[in-house]
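A quick write-up on the structure given underneath.
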There are 2 protein chains.
Amino acid sequence: MVKERVTVIDIARAAGVSKSTVSLVLQGSSLVNEATRAKVNATIRDLGYVYNRSAANLRQAKSKIIGIVVNDLTNSFFAELAVGVDAVVQSAGFVQFLANTGEKIERQREVVASMREHGVSGLIVSPARGTEAADLAPLVASGIPVVLVVRDIAGAHVSSLTSDNHAGAMAAVRHLIERGHQRIAFLGGFPDTAVFEARMRGYRDALIEAGIPVSDALIIGSAPSRAGGVTAVEQAMMLADRPTAALCFNDAVAFGVCDGLRARRLEPGADFAVIGFDDVIEAKTAVPALTTVSVDPQGMGQRAAELLLKQIKAGKAEPEAIVGSVRLVVRQSCGAAVERKREALA
Amino acid sequence: MVKERVTVIDIARAAGVSKSTVSLVLQGSSLVNEATRAKVNATIRDLGYVYNRSAANLRQAKSKIIGIVVNDLTNSFFAELAVGVDAVVQSAGFVQFLANTGEKIERQREVVASMREHGVSGLIVSPARGTEAADLAPLVASGIPVVLVVRDIAGAHVSSLTSDNHAGAMAAVRHLIERGHQRIAFLGGFPDTAVFEARMRGYRDALIEAGIPVSDALIIGSAPSRAGGVTAVEQAMMLADRPTAALCFNDAVAFGVCDGLRARRLEPGADFAVIGFDDVIEAKTAVPALTTVSVDPQGMGQRAAELLLKQIKAGKAEPEAIVGSVRLVVRQSCGAAVERKREALA
DNA sequence: TTTCATAATTGGAACGTTCCAATTTCGTCA
DNA sequence: TGACGAAATTGGAACGTTCCAATTATGAAA
């Protein structure tokens, strides 16, 4: 079954033209006669020719591959992000090289190096925790367009696409305050990340704005996962002066918080208000449906891809920092529905 | 910023050796003198040389890339599968090309073609719904090792790694029967897939074995997602003779079923027994923790990768069909914990 | 028919690596 | 000192494509 490779020369011979003509056909050039094109295409099909992109890349030094590296593929936020990127990238005739770093800097280094070796023409990176500008320096110096998503890195001289974490968190907390909550916790997330920092600042600022004292005891970090949410809410409920509501670092944490509440026979939404962050697809269908700050991961992936493609096309990478707007989508987990029901009864 | 490419020849010149020697160093050959190696490596670092894999692939026609194509990356089962593959593949010095088909055959065709053009040395495929043996024929004919995961395809002459869906479903339903359930539903999944077919057969066989009549009304298909689970359980609860337990097509459906139950003020585990399938990471931390048939997606990805690497190394693809064993992990959603608590009180 | 522009086609030289066969260098032993 | 095997190094020919400059075919105008 191991056949000899069919090359452009074999096609040329079989079709009675030169290899140059075959190459022209392959590239869809308008220079070639319609009849010739048809004949060549037929031969290509007949011989089962497979285009050799390595050879093409070697000659023309631009590859139609774009790389995307994410820090945690098992988090559906990033999976959706990747899907968004893929959609755009692929309809532009590029193909996606996806790698998962699992938050490990070392792995990230390897993966980025490997992508460079394969000649990617651009890179979308959601950097692993603790990535520094220096880590990206050689990449940037090589002139390959890079778009940072989700997490920005100070001093890296590349484009970035983040979301307005501060405004989102403020909106969420304001909403909670409007509903009458005073003891509001901030649950989950690694405190040493810029995203945590921004969301937490938004949380504090909203409290300050409303004249509510900020208590550090109510800010409880954890892994940004469902399991992390469970432990964070457990810790929160051991406090002497328990919170009645929480803004969570992300949706995964929020789901965990709901789980943890139920484990203590508290119904999220009715007995305790929960707001998430990201608006993962599941947020809509969960019960209670999750009130959350919508970041739209797929849309973000698409925008990142478009930004990157633009830079690739332009040739030079003029760094721009886009911060996407964000909106609070009110569903049930913050108690809005319950209250509405009460109002209807009154 | 756009530099001239540094090549092996530049290195050779700068280090005062020949390009062949540099190539030898690059490949870690033992033929080269230690001092020379050090000098060359230093030069490589100094000049910021980046290896050009396209050129290498062109010459040696084997690529160190393995491709993985999945049908739905937003389903965490497949995301975890990909992570499992990545771990193995990467430690073998390969790099992973991941593509998502979103269950679209056409997209799958494109993606596979693109991977061939890039010269992948093997492919792990979780085929899109409706994929036929004929779709894979050209790929197989080309002699590239292929491993099918999750879904097998009859007549495709390639290796496959599936799980024992029939046995898993039987074990789950037997467990439900032991707990005293008689009206047991099978919820979710697309009925036209082989996986659905196998799980559903296991469900039926367990009922028959116990002398419980099988009712088609209790077998309710849906999208294999959380949202699908919600609609499926809604439909089930409209039946005149309601079920008291359900085996779900997968964990995503099972979570949806829990959501749907709660929407009707029914507590999963206590009021209605739910069993999932797959054992996604979330299953453990959810509340109630999900009783489920463990398929271990990451492990599956690893095994698939190992199988593929073995075939790549062996050179020829001797197709083998592995069906992984599967075990029921009993947690809370099937009511086991509740019952145990009652027993303790008695 | 010749002439010329335009449309099609073409051979050969790259691209950056690996591999092969050949050569040089080195150390050891007679 | 010379000879010899092993160790280390080397030049050149691939690999399959694209690009360039050059050539040939076509058809319209003179």
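The separation between A/L31 atom CG and C/dA5 atom P is 19 Å, rounded to whole Å. In this entry the distance linking CG of B/N57 with C1' of D/dT17 reads 14 Å, nearest Å. In this entry the distance linking NZ of A/K19 with P of C/dT9 reads 15 Å, nearest Å. Rounded to whole Å, the distance from CD on B/E117 to P on D/dC15 is 21 Å. Residue B/R53 contributes atom CZ, which lies 20 Å from atom C1' of D/dT17 at whole-angstrom precision. Whole-Å rounding puts the A/K64 NZ to D/dT18 C1' distance at 15 Å. As a whole-Å value, the separation of A/Y51 OH from D/dC15 P is 18 Å. When rounded to the nearest whole Å, the span between CZ of A/R13 and P of C/dT9 equals 19 Å.
OP1 or OP2 of C/dT10 has at least one side-chain nitrogen or oxygen of A/S18 nearer than 4.0 Å. Close to C/dC19, at under 4.0 Å from its OP1 or OP2, lies a side-chain N or O of B/Q27. Between B/S20 and D/dT10, a side-chain N or O to OP1/OP2 separation shorter than 4.0 Å is absent. Remark: A/Q60 is in phosphate contact with D/dC19, judged by side-chain N or O atoms under 4.0 Å from OP1 or OP2. Within the structure, every side-chain polar atom (N or O) of B/S23 is placed at least 4.0 Å from both OP1 and OP2 of C/dT17.
Between the base of C/dT18 and the side chain of B/R59 there is a donor-acceptor pair shorter than 3.5 Å.
With respect to B/R129 and B/D192, a salt bridge is recorded, a charged nitrogen being found less than 4.0 Å from a carboxylate O. Between A/E110 and A/R116, no side-chain nitrogen of the basic residue sits less than 4.0 Å from a carboxylate oxygen of the acidic one, so the salt-bridge criterion is not met. By the 4.0 Å N-to-carboxylate-O rule, A/D72 lies too far from A/K104 to be salt-bridged with it.
Put simply, OG on B/S114 and CZ on A/F94 are 12.0 Å apart, with the number rounded to the nearest 0.5 Å.
Of the candidates D/dT10, D/dT9, C/dT17, the closest approach to any side-chain atom of B/T36 belongs to D/dT9. The side chain of B/T7 lies closest to C/dT17 when the candidates are C/dT17, D/dT9, D/dG16.
Tested against B/L148 for a side chain to side chain contact (heavy atoms under 4.5 Å, CB included), the candidates B/L161, B/L136, B/L123, B/T162 yield a single pass: B/L136.
In terms of position on DNA chain D, the residue among B/L58 and B/L24 whose nearest nucleotide sits closer to the 5' end is B/L24.
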